[in-house]
Amino acid sequence: MSSEVQYKVVVGLEIHVHLSTKSKMFCSCAVEFGQRPNSRVCPVCLGMPGVLPVMNKQALEYAVLVALALNCEIAGFTKWDRKSYYYPDLPKNYQISQYDLPLSTNGFIEIPLEKGQTKRIGIIRVHLEEDAGKNLHPAGNYSQVDLNRAGTPLMEIVTEPDMNSSAQVRALAVELQRMVRYLGVSEADMQKGQMRFEPNVNLIITKDGAEYKTPIAEIKNLNSFRALEKSVDYETQRQLDEFLQTGITMETGSKSTRGWDDQRQVTVLQREKEEAHDYRYFPDPDLVPVELKEQWLDDIRAGLCELPIKKQMRYVDQYKLSDYDAGVLTADRSNAEFFEQAIGAGVDPKRVCNLITQVGLKLANEAGCSLVELGLAAENVAELAKMIDAGQVSATAGNTIMREMVKTGKNPHVLAEELNLIQKSDAGELETIVDQVLAENPKAVEEVKSGGKKSKKARGFLLGQVMQKTKGQANPKVVSQILAGKLG
Ligand SMILES: [Zn+2]
């Protein structure tokens, strides 16, 4: 007899984000990626005895701003704790973090799903800590330590286990990335390790009417959306297989930590946690607790902007753009602002969107820069959109002009003249050409008039002949009207 097995994957996520402050969390060393190893260090971040850390106010304000954007409750009183562990990239043998009084708790974020739907994911906490250094493993039987990264402000965001597919996990990660970029608190460049993910994955399985939960696996240190998505998918299948073979559950098994092998596309067991680690958390005696007074909080709140998901939904609602187009435009704040600047002049938003997505972003991508860095003037894009709408140039010619605008910086009217792309819309002039074409093609005229199967094709043929005679410069709308007038 076959047994009925159904399952649901349950995922919570921890996200670590570097904050883009000028200096480190507790000393004045510069936060700079890709510098000569151990050139951005001082006695504080090297963990020398007897030194005194001082909190970076900007880092705290950045983290609070994100917590506000995540609808969290902000603690009026927050403190720093020492998390003790030994590792070569952590010379002072403890990391300064926040344990029982984090700067914020209990928020939520909306993530986009398919077809314009959203889902609310709970946020357990946002807190601040410092990053460790980096162990380097060159060829040979030795390792090196680079402490440039040690002490970099690191924001940790912990979500509720509210996600039920790898696609949702990815959507959350993408949403957080564009949020911190919008807020200007992090570049969140994953190739530079500025954003890292640790999903907690397990399954709720229903078998023969009974419900089972598999042991939670935490996958460490993922630094791409792809690895995040793939590792959750892999872990889902692995836990299902393991349950079906051994019947292991949360009660009989234990929580484990796994790594992601990108080469083999598998998760690998690192350790099974018999009990929680004893990090011997205690308040850091060298750092004063932080009191966030109302006035200070208001000043930070002033840094909030319209968040990307809200913007995306507004574009669909207000400008009638597709969810896809709205997503492309809002992926980057400066692109969205450019778009809004261009449509400010009362132009059709869809027309401007097409010029930006079909030409602007492609050119930016080719040049390896942002749309804004192309140096396009938003007024010129607006002007061009107006010309297309008015039938002065065709949509295809519009794309050509857009490309030339990037190259030359000239305005679209000048370019349309120079490139000979102005459409002929003068009915009198076009009528003469239409008459010529009709006279030269009696068979096609016959077919249109007969109204038979070939009628539509013949009409298209005649329109094509007119376009050819005008070297593509006739306004097809006007030509169609003239043709309709003459042929019925
Ligand atoms: Zn330092």
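Both counts, for ligands and for their atoms, begin at 1 and track the order of listing. Numbering starts at 1 and runs along the sequence shown.
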Exercise. So, Trp80 versus Tyr99, ring centres under 6.0 angstrom or not?
Worked result: no
Problem set entry | Aromatic contact, Tyr319 with Phe339 (centres under 6.0 Å) | yes
With sequence neighbours excluded, residues passing salt bridge (charged side-chain N to carboxylate O under 4.0 Å, His left out) with [X]:
X      : value
Lys83  : none
Arg120 : Glu110
Asp284 : Arg82

Seminar exercise, completed: Here the gap from Arg258 atom CZ to Ile216 atom CD1, rounded to the nearest 0.5 Å, amounts to 14.0 Å
Seminar exercise, completed: Note on the Zn ion (ligand 1): protein N/O/S atoms within less than 2.8 Å are Cys27 SG, Cys29 SG, Cys42 SG, Cys45 SG
